[in-house]
S.K.: 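Pasting in a structure now, in structure tokens, and then I'll have a few things to ask.
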Number of protein chains: 2
Amino acid sequence: MLTKEELPVCPVATTVDLIGNKWKLLIMRELLKGTKRFNELHKAIDGISQKVLTENLKKMEADGIIVRKAYPVVPPKVEYSLSELGDSLRPIIDAMSDWGTNYIKENLM
Amino acid sequence: MLTKEELPVCPVATTVDLIGNKWKLLIMRELLKGTKRFNELHKAIDGISQKVLTENLKKMEADGIIVRKAYPVVPPKVEYSLSELGDSLRPIIDAMSDWGTNYIKENLM
DNA sequence: CGGTATCCCTAAAGATACTG
DNA sequence: CAGTATCTTTAGGGATACCG
């Protein structure tokens with residue numbers, strides 16, 4: 001969680017601190033499609049380990065970007081979804097997706 | 001430089017591979033303002049070391065995102081600017097900047 | 001199923017000194 | 001000024017085992 005003291009008061013740096021790494025961006029991409037269970041995320045994000053996924057989900061939950069909902073059932077069921085704040089990041093991920101799509105088209109086909 | 005073999009054929013992941021880390025995003029932010037000399041970047045990007053700046057600039061140049069121009073003068077003068085490809089990332093950085101601006105306004109003031 | 005808890009390892013980053 | 005070179009440190013991440 002960012003506090004007023006340690007937050008760099010710069011718009012880009014602020015955003016970077018919240019989602020500016022590979023795994024968080026890929027988690028965002030999945031959750032923008034809708035609510036997902038832990039294992040769905042694990043399978044959808046290529047190369048991520050259970051540990052790293054858990055760690056990033058915790059950070060993002062602490063930052064208020066995602067919401068974790070655990071159902072008291074056996075076997076356990078946990079769902080992750082975007083908070084309102086998280087969903088407001090949609091334009092950024094969309095922009096990255098659009099750019100990547102175009103890049104692939106231009107450079108790799 | 002990305003090759004066809006190692007490139008994840010996913011739009012978001014492609015973009016993430018090229019600029020999805022803290023330092024590259026902050027370098028992009030500076031170069032979107034215009035051409036900058038090495039020392040200007042060093043001073044503008046808080047906390048970055050000379051070594052890390054050099055390394056990231058080299059990677060970004062290899063990826064075709066930025067252009068390095070060295071003038072044969074003493075003392076040396078080197079200017080960095082965005083390539084056309086790099087400039088096409090502007091909407092993404094702008095989106096991050098806009099989001100960060102709003103976040104700061106909503107949550108820290 | 002959805003995690004913890006360990007241990008380990010390496011790539012990334014920091015510190016410092018030097019140079020064309 | 002714009003780097004390189006070298007060394008050291010740290011943190012991110014992989015592997016494995018276990019648990020409610």
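In what follows, chains are A, B, ... by sequence order, proteins preceding strands, each numbered from 1.
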S.K.: Closest to the Val52(B) side chain: dG3(C), dC1(D), dG14(C)?
M.R.: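 My answer, after comparing the listed nucleotides, is dG14(C).
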
S.K.: As a test of reading the structure: which of dG2(C), dG3(D), dT4(C) is closest to the side chain of Phe38(A), going by heavy atoms?
M.R.: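 Nearest nucleotide to the side chain: dG2(C).
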
S.K.: Do Tyr80(B) and Thr35(B) touch side chain to side chain, with heavy atoms closer than 4.5 Å?
M.R.: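 A side-chain contact is absent here, since even the closest heavy-atom pair is not under 4.5 Å.
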
S.K.: Under 4.0 Å between a side-chain N/O of Tyr80(A) and OP1 or OP2 of dC1(C), yes or no?
M.R.: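 No, because none of the side-chain N or O atoms of Tyr80(A) sits under 4.0 Å from OP1 or OP2 of dC1(C).
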
S.K.: Select one nucleotide: of dA13(C), dA2(D), dG14(D), the one nearest the side-chain heavy atoms of Asn39(B).
M.R.: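 Among the listed nucleotides, the one closest to the side chain of Asn39(B) is dA2(D).
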
S.K.: Contact between Lys36(B) and Glu79(B) at the side-chain level, heavy atoms closer than 4.5 Å - yes or no?
M.R.: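 Counting from C-beta outward, Lys36(B) and Glu79(B) never come under 4.5 Å.
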
S.K.: Would you mind telling me which residue lines up with the more 5' stretch of DNA chain C, Asn56(B) or Gln50(B), judged by nearest nucleotide?
M.R.: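 So the residue in question is Asn56(B).
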
S.K.: What's the CG-P distance between Asn21(A) and dG13(D), to the nearest Å?
M.R.: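 So the CG-P distance, Asn21(A) to dG13(D), works out to 6 Å.
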
S.K.: So, OP1 or OP2 of dC1(C): does either fall under 4.0 Å of a side-chain N or O from Arg37(A)?
M.R.: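 False: Arg37(A) side-chain N/O out of range (4.0 Å or more) of dC1(C) OP1/OP2.
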
S.K.: Quick one: CE on Met28(B) to CD1 on Ile66(B), what's the gap to the nearest 0.5 Å?
M.R.: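 Met28(B) atom CE to Ile66(B) atom CD1 measures 9.0 Å (nearest 0.5 Å).
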
S.K.: Taking the side chain as every heavy atom from C-beta outward, state whether Thr15(A) and Leu25(B) have any atom pair closer than 4.5 Å.
M.R.: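 Answer no - side chains too far apart.
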
S.K.: What is the distance, rounded to the nearest whole Å, between atom NZ of Lys36(A) and atom P of dG2(C)?
M.R.: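 About 13 Å, once rounded to whole Å.
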
S.K.: To the nearest Å, give me how far apart CG (Leu53(A)) and C1' (dG14(D)) are.
M.R.: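 One finds 14 Å between C1' of dG14(D) and CG of Leu53(A), rounded.
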
S.K.: To the nearest Å, how far apart are Ile45(A) CD1 and dG14(D) P?
M.R.: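 Value for this atom pair: 12 Å.
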
S.K.: When you measure from the side chain of Pro76(A), which nucleotide among dA2(D), dG20(D), dG3(D) comes out closest?
M.R.: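 So the nucleotide nearest the side chain must be dG20(D).
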
S.K.: Counting only side-chain nitrogens and oxygens, does Ser49(A) get under 4.0 Å of the OP1 or OP2 atom of dG13(D)?
M.R.: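 Result: no.
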
S.K.: Nearest whole Å is fine: how far is dA2(D) P from Leu57(B) CG?
M.R.: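 Rounded to whole Å, this separation is 11 Å.
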
S.K.: Taking only the side-chain nitrogens and oxygens of Arg68(B), find out if one of them lies under 4.0 Å from OP1 or OP2 of dG3(D).
M.R.: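 So the side-chain polar atoms of Arg68(B) do come within 4.0 Å of the phosphate oxygens OP1 or OP2 of dG3(D), strictly under.
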
S.K.: Would you indicate what Lys58(A) reaches in the nucleic acid, counting non-hydrogen atoms under 4.0 angstrom: base, sugar-phosphate, or nothing?
M.R.: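 Result for Lys58(A) = sugar-phosphate.
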
S.K.: Between Glu55(B) (CD) and dA5(D) (P), how many Å, whole number?
M.R.: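 Computing the Glu55(B):CD to dA5(D):P distance gives 12 Å.
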
S.K.: Kindly indicate whether the side chain of Lys51(A) and the base of dG3(C) share any N or O donor-acceptor pair separated by less than 3.5 Å?
M.R.: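 Flag unset: no donor-acceptor pair detected.
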
S.K.: Could you state the NZ-P distance from Lys22(B) to dG14(C), rounded to the nearest angstrom?
M.R.: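 So the NZ-P distance, Lys22(B) to dG14(C), works out to 7 Å.
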
S.K.: Would you mind checking if Lys58(A) and Glu55(A) are paired as a salt bridge, meaning a charged N to carboxylate O distance below 4.0 Å?
M.R.: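 Result for this pair is no, no salt bridge flagged.
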
S.K.: Taking for each residue the nucleotide of DNA chain D bearing the nearest heavy atom, is the 5' side occupied by Trp23(A) or by Val78(B)?
M.R.: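 With Trp23(A) and Val78(B) compared, the 5'-side residue is Val78(B).
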
S.K.: For the pair made of NZ in Lys24(B) and C1' in dA13(C), what is the distance, rounded to whole Å?
M.R.: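 It works out to 15 Å between those atoms.
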
